[in-house]
Amino acid sequence: MIVAPDRTPLPRDFFDRPVLEVAPDLLGRILVRNTPDGPIELRLTEVEAYEGEADPGSHAYRGRTARNSVMFGPPGYVYVYFTYGMWHCMNLVCGPEGKAGAVLLRAGEITEGAELTRERRLSARNDKELAKGPARLATALDVDRRLDGADVCAGTDAPLTVLTGAPTDPSQVRTGPRTGVGGEGSVHPWRFWTANDPTVSPYRAHSPRRRRT
DNA sequence: ACTAGGATGCCCT
DNA sequence: GGGCATCCTAGTA
């Protein structure tokens, strides 16, 4: 039987828990992105947890900087970073203020406003690829550094909100090492995804880049 | 199917 | 100046 997703925004308390508890609980939740052209909605299918200052894979590992300062603030806010010279990736800050935990939103299914995302995702060969990967997700939702620090608990008129949705049953949650994270940061199974979901991105191990000439 | 390499700019040492 | 929580295209098969 089909259960309609719950459209109540998640309260700040939801994010004020250890990041490893919040991350799997985000699967199946609905991210609403209000754009000038209309709303886009995405059902989360893949995330990764970043623990903060004690985590070598985290941007917070070397302490607070201008770029990552939102991670050190209160939970329920968005941390957006720019990488590889052209992409943005989006995180939700979790845990108590000062802990710098965050969940990277890696993939999802566009459930509303797909026509608005296709204009920005011209290389997508089908709708499953619209948000299959963290930079693709941010591109589809038109998320960049302007949204760094946005509050996802401020209500459904805000630029970004997370709704209760229909959380993925724990028996359907899969875990594995984080994509693109090497060294000591790769030992933990801190990537979470929904089993057998075609919008989940392929795993890629970390590979050091060779220097260009 | 899978692999390799280039794109491109900001952050931090 | 090295590295980056990535994506895309072209190549081989």
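Below, read A as the first sequence line, B as the second, and so on, with proteins coming before strands; counting in each chain starts at 1. Side-chain atoms are counted along with the backbone in the values below, which use heavy atoms only and exclude waters and symmetry mates.
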Is a donor on one side and an acceptor on the other found under 3.5 Å between the side chain of Asn91(A) and the backbone of Val80(A)? no
Under 4.0 Å between any heavy atoms, over every strand shown, what does Gly57(A) touch: base, sugar-phosphate, or nothing? Just pick one. base
Main chain of Ala114(A), side chain of Thr117(A): is a donor-acceptor contact present, judged purely on distance under 3.5 Å? yes
Hey, are Asp37(A) and Thr35(A) close enough side-chain-wise for a donor-acceptor pair under 3.5 Å? no
Do Glu46(A) and Ser201(A) meet the criterion of a side-chain donor-acceptor pair at a distance under 3.5 Å? yes
Between CG of Leu92(A) and P of dA5(C) the distance, given in whole Å, is 18 Å
Say whether, by atom type as modelled, one donor and one acceptor occur between the side chain of Arg106(A) and the main chain of Glu48(A) under 3.5 angstrom. no
Contact residues, residues 120-141 of chain A to DNA chain C [heavy atom, < 4.0 Å]: Arg121(A), Ser123(A), Gly133(A), Pro134(A), Ala135(A), Arg136(A)
Suppose we screen for salt bridge (charged side-chain N to carboxylate O under 4.0 Å, His left out). Which residues come up paired with Arg136(A), at least two apart in sequence or across chains? none
Whole angstrom value for the distance that separates P of dC10(B) from CG of Asp144(A): 13 Å
Answer yes or no for Arg178(A) and Tyr50(A): cation-pi contact, defined as NZ/CZ to six-membered ring centre under 6.0 Å and angle to ring axis within 45°. yes
Numerically ordered, the residues 94-102 of chain A set in heavy-atom contact under 4.0 Å with DNA chain B is none
Secondary-structure string, 5' to 3', Watson-Crick or G-U under 3.5 Å, | for another-strand partners, for DNA chain C: ||||.|||||||.
Does His59(A) have its ring centroid less than 6.0 Å away from the ring centroid of Tyr81(A)? yes
As a test of understanding, state which of Thr199(A), Thr194(A), Asp197(A) forms a side-chain hydrogen bond (donor to acceptor under 3.5 Å, both in side chains) with Arg43(A). Asp197(A)
Would Arg29(A) and Asp25(A) count as a salt bridge (Lys or Arg N to Asp or Glu O under 4.0 Å) if you check the C-alpha gap in whole Å, the side-chain angles of each, and the deciding distance to 0.1 Å? CA-CA 8 Å; Arg29(A) 311 298 186 169; Asp25(A) 198 8; 2.7 Å; yes
Spacing of Glu48(A) atom CD relative to dT6(C) atom C1', expressed in whole Å: 12 Å
I need the NE2-P distance between His88(A) and dT8(B), as an integer number of Å. 15 Å
Whole angstrom value for the distance that separates C1' of dT6(C) from CG of Leu105(A): 15 Å
Of all heavy-atom pairs linking Arg191(A) and Trp193(A), the shortest is NH1-CZ3, 3.7 Å
Only pairs at least two apart or in different chains count here, so list each side chain to side chain donor-acceptor pair (under 3.5 Å) that has a residue in residues 154-164 of chain A. none
Could you check which residues of residues 58-70 of chain A get a heavy atom under 4.0 Å from DNA chain C? Sort them by number, please. His59(A)
Output the rounded distance in Å from CZ (Phe82(A)) to C1' (dC7(C)). 13 Å
Starting at OH of Tyr84(A) and ending at C1' of dA7(B), how long is that distance when rounded to a whole Å? 12 Å
Which sits closer to the 5' end of DNA chain B, Gly85(A) or Arg145(A), going by the nucleotide each is nearest to? Gly85(A)
Would you say Arg204(A) reaches dA5(C)'s phosphate, i.e. side-chain N/O to OP1/OP2 under 4.0 Å? no
Is there a donor on the side chain of Tyr81(A) or the base of dA5(C) sitting less than 3.5 Å from an acceptor on the other? yes
Shortest non-hydrogen contact from Tyr77(A) toward Val70(A): CB-CG1, 4.1 Å
Other residues, nucleotides, ligands: >12 heavy atoms within 6.0 Å of Arg62(A) CZ: no
Give the rounded distance in Å between these two atoms: OH of Tyr203(A) and P of dA5(C). 14 Å
